[in-house]
Asks: 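Just passing along the structure, written as structure tokens.
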Amino acid sequence: MKKMKKILFGILAIGLLFSCNQKPTETEVPKAPIDSLITNWQNTWNNNDSIGICNMFAPDVVLIDDELIIINSKELADKWVGPYYKIVKNLQTEKLQEWSSTDRAGYTGKYELDIVINDSVIGHPHGIFTANWVKTDMGEWKVTTANMNAFSDNQ
């Protein structure tokens, strides 16, 4: 009987040692699809799709650029998308930093684009921007805040 107890104790001890050395299984947490969010940003602007642009933003969006502070989607449509969506061409971005979780994401990058009027490039603004997304209850990603800063040609 003592021998049986020793064997059972030995098996139990070995089992505990092996179970302690096993790495816990990590569950992969799905993160925001930042690459597709930025690709959508570029494509929607480059296609001059005002409805698509407006649909990227949350109703209570806060957007700051060099000349505007916008605090909702109506102002966004009237003061930012409406005046610019038809003339923006060749928008390109370059990532500087990104972050994401299951329901939030952020991206900071450089941008450059052409301003085209009557088939002529009249400007080539460039700068830096940060956009933050939130995943809605319906599973859509919406920009909640954005900050755009243009550089002068001297920089």
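As a basis for the values below, the full set of heavy atoms in this structure was taken, side chains included, without hydrogen atoms, waters or symmetry mates. Small disclaimer: the values here were computed from a predicted structure and weren't measured.
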Asks: Might you point out which heavy atoms bring Asn149 and Asn147 nearest each other, and give the distance in Å?
Replies: OD1-OD1, 2.9 Å

Asks: Does the pair Met56 and Trp133 meet the rule for a side chain to side chain contact (heavy atoms under 4.5 Å, CB included), with working shown?
Replies: CA-CA 9 Å; Met56 288 191 288; Trp133 289 265; 5.8 Å; no

Asks: I need the Glu98 CD to Thr108 OG1 distance, nearest 0.5 Å.
Replies: 10.0 Å

Asks: When you look at Trp41 and Phe129, which way does the ring pair (Phe, Tyr, Trp, His ring centres under 6.0 Å) test go after all the steps?
Replies: CA-CA 12 Å; Trp41 177 283; Phe129 75 104; 5.7 Å; yes

Asks: Ignoring hydrogens and geometry, is there a side-chain-to-backbone donor-acceptor pair from Asn48 to Tyr85 under 3.5 Å?
Replies: yes

Asks: Considering all heavy atoms of both residues, which atom of Val61 and which atom of Ser73 are nearest to each other, and what is their separation?
Replies: CG1-N, 3.9 Å

Asks: List the steps, then state whether side chain to side chain contact (heavy atoms under 4.5 Å, CB included) holds for Trp141 with Asn40.
Replies: CA-CA 11 Å; Trp141 288 93; Asn40 184 50; over 6 Å; no

Asks: Establish whether Tyr84 and Leu63 are linked, either directly or via other cluster members, by ILVMFWY side-chain heavy-atom contacts under 4.5 Å.
Replies: yes

Asks: Honestly curious: do Val134 and Ile38 fall in one hydrophobic cluster under the side-chain, below-4.5 Å linking rule?
Replies: no

Asks: Taking the side chain as everything from C-beta on, heavy atoms only, tell me whether Asn72 gets closer than 4.5 Å to Pro59.
Replies: no

Asks: May I ask you to decide if Ile115's main-chain N or O and His124's side chain share a donor-acceptor pair within less than 3.5 Å?
Replies: no

Asks: What's the separation between atom CG in Asp137 and atom CG in Asp103, rounded to the nearest 0.5 Å?
Replies: 10.0 Å

Asks: Out of Ile51, Ile70, Val88, Leu76, which one pairs with Val81 under the side-chain contact (heavy atoms from CB on, under 4.5 Å) rule?
Replies: Leu76

Asks: Quickly, which of Glu75, Met148, Lys79 forms a side-chain contact (heavy atoms from CB on, under 4.5 Å) with Leu68? Name it, please.
Replies: Lys79

Asks: Rounded to the nearest 0.5 Å, what separation is found between the NE2 atom of His126 and the CD atom of Glu112?
Replies: 8.0 Å

Asks: Side chain of Tyr107, backbone of Lys95: donor and acceptor closer than 3.5 Å?
Replies: yes

Asks: Rounded to the nearest 0.5 Å, what separation is found between the CG atom of Asn90 and the CH2 atom of Trp45?
Replies: 14.0 Å

Asks: Might you point out which heavy atoms bring Ala77 and Cys54 nearest each other, and give the distance in Å?
Replies: CB-SG, 3.8 Å

Asks: Can any side-chain N or O of Thr44 pair as donor or acceptor with the backbone N or O of Ile53 at less than 3.5 Å?
Replies: no

Asks: If two hydrophobic side chains count as joined below 4.5 Å and joins carry through other members, does Ile69 share a cluster with Val143?
Replies: no

Asks: Looking at Thr136, is its backbone amide N or carbonyl O close enough to the side chain of Glu140 to form a donor-acceptor pair, meaning the two atoms are under 3.5 Å apart?
Replies: no

Asks: Just wondering, are more than 12 heavy atoms of other shown residues or ligands nearer than 6.0 Å to CD1 in Ile122?
Replies: yes

Asks: To the nearest 0.5 Å, tell me how far Tyr111 OH sits from Leu91 CG.
Replies: 9.5 Å

Asks: Return yes when atom CG of Leu96 has more than 12 non-hydrogen atoms of other residues, nucleotides or ligands closer than 6.0 Å, and no otherwise.
Replies: yes

Asks: Ignoring hydrogens and geometry, is there a side-chain-to-backbone donor-acceptor pair from Asp114 to Val116 under 3.5 Å?
Replies: no

Asks: Treat each ILVMFWY residue as a node, draw an edge where side-chain heavy atoms are under 4.5 Å apart, and state whether Phe57 and Ile34 are in one component.
Replies: yes

Asks: Measure the OG1-NZ distance between Thr144 and Lys135 for me, rounded to the nearest 0.5 Å.
Replies: 15.0 Å

Asks: For residues 49-71, pull every pair meeting side-chain hydrogen bond (donor to acceptor under 3.5 Å, both in side chains), keeping only residues two or more places apart or in separate chains.
Replies: Asp65-Trp80

Asks: Would you name the heavy atoms of Asn132 and Gly106 that are closest together and state the gap between them?
Replies: OD1-CA, 3.6 Å

